[in-house]
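Chain letters run A, B, ... following the sequence lines, proteins first and then strands; every chain starts at 1. Fair warning: this is a prediction, and the values are worked out from it, not measured in the lab.
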2 protein chains.
Amino acid sequence: MSKTAELRAKANAATLDRLNAADPVLVDIKPAGEVVPGMTPDMILTSGRPMPWRDYVTGQRQALIYGAIFEGLAKDEADAVARLDSGKIKVGACHEHGCVGSVAGIYTASMPVFVVENRAAGNRGFCNFYEGASRKRLNYGSYDDTVHQALIHIEKVLAPAIRAAVQAAGGIPLKPIMSRAVHMGDELHSRNTAGSVLFTRELTPHFLALYQKEGDKIRQTLEFLQQNEYFFLRLGMAAAKSMADAAHGIEGSSVVTAMTISCRGFAIRVGGLAGEWFAGPHAVVEAQLFEGFTKDDIEWIGGESHITETVGLGGFAQAAAFSLQKYQGGSAEAMVKANAGMYGITVGESASFQIPYFGYRGTPTGIDLFKVLETGVTPVIDGGLAGKGGGQIGAGILRAPIECFEAAAAAYTKRYGGK
Amino acid sequence: MSKTAELRAKANAATLDRLNAADPVLVDIKPAGEVVPGMTPDMILTSGRPMPWRDYVTGQRQALIYGAIFEGLAKDEADAVARLDSGKIKVGACHEHGCVGSVAGIYTASMPVFVVENRAAGNRGFCNFYEGASRKRLNYGSYDDTVHQALIHIEKVLAPAIRAAVQAAGGIPLKPIMSRAVHMGDELHSRNTAGSVLFTRELTPHFLALYQKEGDKIRQTLEFLQQNEYFFLRLGMAAAKSMADAAHGIEGSSVVTAMTISCRGFAIRVGGLAGEWFAGPHAVVEAQLFEGFTKDDIEWIGGESHITETVGLGGFAQAAAFSLQKYQGGSAEAMVKANAGMYGITVGESASFQIPYFGYRGTPTGIDLFKVLETGVTPVIDGGLAGKGGGQIGAGILRAPIECFEAAAAAYTKRYGGK
């Protein structure tokens, strides 16, 4: 074994250990401006590798403009564009601030975020809230009075009620919920039904105790939690971010620690190549669209929820979630095949998430960029799809583009020498 | 087609229609003595086809004696035996009283039962409560102070709290819960995790509203519901009983409408042969026992929870519940094979319960005794196992004995003429 190969094998094993050791706990809910590292009142975070404002186009650009208006940083669209052009309003990349964006992933300073602490490593991951089941949501590039009201409802009702319950509980460990959800038909990216029910279950005894004092706020929050089975996604994302960040930055590691989408394409980062993003074209997608939409309506406006795939969930746990067929298409057979294929490109198996269908085998975990290149098999990703003009128009199965891995391999070889 | 064959085809189709049309709703919780048809204060119901007291042996006989003591019908074991011998205490078969027994299935008059109304047909099914996770339970033939206290906790705390919530809800429709649970990894016989969580979820808003008045009773009930993931089994059983009874008594039907176990063996009844039970030997079982037990420790003390298999759940929905492997053994492959095999012995598919792994195909539903005899394939049943001296000692996969079907076919041919 060459010296580089030796370093890499050790580094990749250490990466897997950190992923497996992670202990993500929901410890608080706070406005992004108070808790997200480097977040300022004039900043908007969005999905994708870091880019200057002028590079954002189509729906993602529009989502940033809407974010500025929602936050009161601009009085209208023209004003927002002027302030973004002049740099008075700043744009940041979620991943560089401990956050992960769902679709466009718009974070403004006033938005409440889940604070998830990885108690094994001491680092934190953050994610803002699911906006509700409406096809139109700010993170899908839509904005109107209903979208605005939904965001205010999160800030004024959901966040304080859930925060009170989380504080009463002394924090909610997320890994046990995630582990059980995978045994109950979730893969925790495009299916979060069990996760949402189990999370609500953890809050319920505290809701009972808080009800007398907080009354209607608790009732409304319980109602929202019961109606929105996607709710847990953001908690899973924050947990996954706290896991992946703890596994990032290990010298010599060739394991992917984040995958991200912007309007300009796909990008990945790698554990042993901290500080760099490796860009490629857009993902290839097999879509199942809502009625009335065609493939031409799909627009890439960002997305980082595949932090879940990065830690062995989502597409890497499809065979635990056959119920997902109805939402994103495909067949049980195809799901088994795609999921099984991921064992060929990962460094090991999850000690936290097991697939009953595979005899409780741990999910394939830790994407090794060199295995991707050797096999030509790219990561499979479950995901929601945005449409032109904003709003969700369907869901589907994405494949990460090989170009990102080629670019990362070139950088790896340059830095660490031959394979 | 012969006249008999024609009658049977129509009758079996009508049977399937009634199973599919059933709409089981939890409408109340009442003491068995107040609501179970034919139940008297001096009566104890148990699992299995109707038998005289003297025929009960081993653990099932002991469970009846314990039931008499629990209910205060006898002051000790000798007194109970004397009163049972003399007929002062009567023994009844659950199925003949609209009830279904879990394992020994001991019902006494004071015990609260779930009242499930099949709103499509107007009939009712009943089941008493899950006693908790202790290996020792009255329905597993155990009795001591802890078992007694658990039964009193059900009567004084759980039943009134849940009843209040059910009344506030105006009844809890069970089919939507059951249908969703099957999409979340339950087969609703040996796995009821999702069912229990979803049922609790339905009660929660009412618990919030009741908490101020009822206080600790609500808190304790929520705690019990959250700790006992088998809780929903009894609701699924009562629902299945209300479905199967509505499909019973159709002239010419060769569909099995109940399967039951006693200390003396297995028995079935058939839709077109009302009033008769067809007995056979004990089921064949592939067991996975708790540590320290061997196959020789297994004792048959009764069981009717396979009313779930009778309506297309349990073993007939195994491929929806791969998580069950850990509890009852086997492999995903074996579960798929066993489940798929049930399509060959049933008259159709459930319109209520679908298996995601089979592309959302309805579960095999309505066991046709002639298809069992033609194929030699007998119903596959998930179930808990009792041990000698009482208590649960494991779980396993049972196969109904062919002799019951042979006896039923002989009676069918005698009554309706040649095939």
Can you run down the side-chain hydrogen bond (donor to acceptor under 3.5 Å, both in side chains) pairs that involve residues 199-218 of chain B, sequence neighbours left out, and say none if there aren't any? B:D216-B:R219, B:D216-B:Q220

Scan A:R191, A:H189, A:Q328 and name whichever one has a side chain to side chain donor-acceptor pair (under 3.5 Å) with A:D382. A:Q328

Please tabulate, one pair per line, all N/O donor-acceptor pairs under 3.5 Å involving side-chain atoms of residues 331-338 of chain A, not counting sequence neighbours.
{"residue": "A:S331", "atom": "OG", "partner": "A:A334", "partner atom": "N", "Å": "3.0"}

Which residues satisfy the side chain to side chain donor-acceptor pair (under 3.5 Å) test with B:S102, sequence neighbours excluded? B:N139

Does any heavy atom of chain A fall under 4.5 Å from the side chain of B:L222, the backbone, both, or neither of them? side chain

is_close_aromatic(B:Y360, A:F322), centroid dist under 6.0 Å: no

Can you check whether anything in residues 163-188 of chain B gets within less than 4.5 Å of chain A, heavy-atom wise, and list it by number? B:R180, B:H183, B:M184

Mind checking whether B:F199 and B:F114 have parallel, tilted or perpendicular rings, split at 30° and 60°? perpendicular

